Number of protein chains: 2
Amino acid sequence: MPGIIEVAQLAGVSTATVSRALSGNGHVSAATRDRVQAAALELGYVVSSNASSLATGRTKNVGVVIPFLNRWFFSSVIEGAEQALLTHGYDLTLYNLSGGGDERRLVFEHFLLRKRVDAVIAISLELTPGEVGRLLAMNKPIVGVGGPLPGVRTLSIADVELGRLATEHLLSLGHRSIGHIGETEESETDFHVPTNRRAGYESALLAVGVPVDPELFRSGDFTIQGGYAAAKQLLGNPRKRPTAVFAASDEMAIGAILAARDLGLTVPGDVSIIGIDDHELAEFFGLSTIAQFPAAQGRLAVEILMDQLHPGHRDQSTVNTPLNYELVVRSSTARPATPRR
Amino acid sequence: MPGIIEVAQLAGVSTATVSRALSGNGHVSAATRDRVQAAALELGYVVSSNASSLATGRTKNVGVVIPFLNRWFFSSVIEGAEQALLTHGYDLTLYNLSGGGDERRLVFEHFLLRKRVDAVIAISLELTPGEVGRLLAMNKPIVGVGGPLPGVRTLSIADVELGRLATEHLLSLGHRSIGHIGETEESETDFHVPTNRRAGYESALLAVGVPVDPELFRSGDFTIQGGYAAAKQLLGNPRKRPTAVFAASDEMAIGAILAARDLGLTVPGDVSIIGIDDHELAEFFGLSTIAQFPAAQGRLAVEILMDQLHPGHRDQSTVNTPLNYELVVRSSTARPATPRR
DNA sequence: CTGAAAGCGCTTACAG
DNA sequence: CTGAAAGCGCTTACAG
């Protein structure tokens, strides 16, 4: 493998000049730059990132930590982040915590501290003060996605608001008996996503004077299977079947649609169903939902990081940036067949 | 951040000894080792991976290149690989090519050559001789997953055999009119997965004297939507509706199940359906399938890499390791209602 | 078992 | 605009 010395010899300059010509840092005459670039190309020279990192202190690599990889939402965020990083010439080193156990500690106390990454993006993880502190002490900027984090630039989704909006959509169609499928507090993820969405649901109900009926809440995990099982309970109840269901995620909502079908109910004829996410399958199922653009979240997280990593920070003032969301009405929601009012 | 010098001072030894004590390379007395470890712990010392890599030439990082991230199969492989790498103290740097365009060239001609990774795992990518050559010239071991690659250790799935097995299962139940949903050659991935599975389907048919009927083949992409659309065509045909369908992936098979339901057909009463993968939703849909254990594939790829990276290579002889697969019979396949024989 | 010192391959003030 | 040289923080023959 040719090193910088070979390039310098071939181009007839010093290694310092090669470094300057190739990196763009410092002035080099156009003629010299051309000669150096030609030499580098001819030899197939590629800078050693370790040597470069050691000398500059910057690695052009960012660590991304996520709780799960194998879920549409998370892999979409990663995909968005990866593309944006590549564009900036950065690598993405992935730390997936889904194995559970000691992984989180290992990642935060060992892997992330080896000076291999310039910065960290933490997705849907409520970092502890210790985790944040260690990283910040090493001068590693952090961007959190999913919720606010003291001392950290974050992107967060207004989960309470999303739950409220989804419920309001159902209310505005005339539904008054609205079930909710979420998750119980115990099995919750870091940012209390299900709890917040449920709070939004309840506040929307209360706002129009509809009492919250605990019997209309069912829990299940954030999967199609989980939504299916919960919806079967909810919609199979002969005494109190809601005319609409708000599921805390699209995957649960899809499970609910399948459960309704299996019960012989039509959607939205017998029951309206709405989710949150705008999952890749939402359109296929005609699912009304609140879109939350995970790939864009990943990209945005990278842009914010770049602002911190490179001079000329723009809006350093905004510590917590709210994320966009949008109600997407498809064919799974409609007026109730027998409006009760 | 404390460096090796501070640790050496605190422990009252040279930096050489600190290095040996902490890395385990070279002899150090037990007493000294304890003192060094205590000092490192007290200072919160973590070795700089860049400095270490520069000195040793090894990075403890492997690059994983994949064509898509946002698909169950691929994210499962990554998940398996990531866990195995973490166990060995390695990082995983992810290169996702799904953005298309120039990414592949960029990754192979720039990112992967910066000496940042010790090795690369290429998933479902038919590397070109140039891509393989450049990596091997830099002494980077490669493990390919998905198919054979000249000059590279690979793990591959016998796609023709899988197609044959799935079809044989249907034949053995008594089906003779068996449709197939795959992908057209044009839109194929690197290893001709759909073509091979289709070849297996055809050979199984021919082996029992059932002629291959081109009208019973429909193409669609490897998604639920794609399978749904293709199955609608196949099962909606009033003149020639097959009694069974073999879909080239579970996602397509699930789409086919939903299509059958929408046509008022029962599965497996009116039509049997089988897929390939053992997708996380397969059990939920009662889908019979050929399981192919992607997480295990990721783990195995890592083990093979470790063998190459560290002395004591075991089975260097086996260049191409065939992967396990297994027929899983659930409730989507049964004897045809009106056996034709 | 342990230390002094060279070397890994770059980058960047410091001069000129 | 360009070069000589120090330095980034480790590791590892080479001695002892």
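Labels below follow one simple rule: chain letters A, B, ... track the order of the sequence lines, proteins then strands, and each chain is numbered from 1. The structure presented is a predicted model; accordingly, all values stated were derived computationally and were not measured.
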Whole-Å distance separating the [atom1] atom of [X] from the [atom2] atom of [N]:
{"X": "Lys115(B)", "N": "dG9(C)", "atom1": "NZ", "atom2": "C1'", "answer": "7 Å"}
{"X": "Leu54(B)", "N": "dG7(D)", "atom1": "CG", "atom2": "C1'", "answer": "12 Å"}
{"X": "Arg116(A)", "N": "dG9(D)", "atom1": "CZ", "atom2": "P", "answer": "17 Å"}
{"X": "Leu22(B)", "N": "dT2(C)", "atom1": "CG", "atom2": "P", "answer": "14 Å"}
{"X": "Arg114(B)", "N": "dG9(C)", "atom1": "CZ", "atom2": "C1'", "answer": "15 Å"}
{"X": "Ile5(A)", "N": "dT11(C)", "atom1": "CD1", "atom2": "P", "answer": "13 Å"}
{"X": "Ile4(B)", "N": "dC8(C)", "atom1": "CD1", "atom2": "P", "answer": "18 Å"}
{"X": "Asn50(A)", "N": "dT11(D)", "atom1": "CG", "atom2": "C1'", "answer": "14 Å"}

Interatomic distance at C1', dT12(C) relative to dG16(C), whole Å: 16 Å
In terms of side-chain heavy atoms, does [X] have a donor or acceptor partner in [Y] at a distance below 3.5 Å?
{"X": "Thr32(A)", "Y": "Ser29(A)", "result": "yes"}
{"X": "Ser48(B)", "Y": "Asn50(B)", "result": "no"}
{"X": "Ser75(A)", "Y": "Asn70(A)", "result": "no"}
{"X": "Thr17(B)", "Y": "Ser14(B)", "result": "yes"}
{"X": "Thr93(A)", "Y": "Asn61(B)", "result": "no"}

Check the surroundings of atom CG in Leu136(A): do more than 12 heavy atoms from other residues, nucleotides or ligands lie under 6.0 Å from it?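 Correct, the count exceeds 12.
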Report the base-pairing partner of dA4(D) (Watson-Crick or G-U wobble, both distances below 3.5 angstrom), or none.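 In the structure as shown, dA4(D) has no Watson-Crick or wobble partner.
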If pairing requires Watson-Crick or G-U wobble contacts with both distances under 3.5 Å, which nucleotide is the partner of dA13(D)?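 WC or wobble partner does not exist here.
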Would you name the heavy atoms of Ala40(A) and Val7(A) that are closest together and state the gap between them? N-CG1, 4.0 Å
Just the table, please: protein N/O against nucleotides 12-14 of chain D N/O, every pair under 3.5 Å.
from    : atom 1 : to       : atom 2 : distance (Å)
dA13(D) : N6     : Arg20(B) : NH1    : 3.4

Under a 4.0 Å N-O cut-off, is there an ion pair linking Arg116(A) with Asp91(B)?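 Salt bridge present between Arg116(A) and Asp91(B).
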May I ask you to list the residues of residues 28-47 of chain B, by number, that have any heavy atom positioned under 4.0 Å from an atom of DNA chain D?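 Per residue number, the list reads Tyr45(B), Val47(B).
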Would you call the rings of Phe68(A) and Phe74(A) parallel, tilted or perpendicular, taking 30° and 60° as the class edges? tilted
Hey, does Val18(A) reach any base, or is it just sugar-phosphate, or nothing, if we go heavy atoms under 4.0 Å? nothing
Are OP1 or OP2 of dC10(C) and a side-chain N or O of Ser52(A) less than 4.0 angstrom apart?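 No, Ser52(A) has no side-chain N/O under 4.0 Å of OP1/OP2 on dC10(C).
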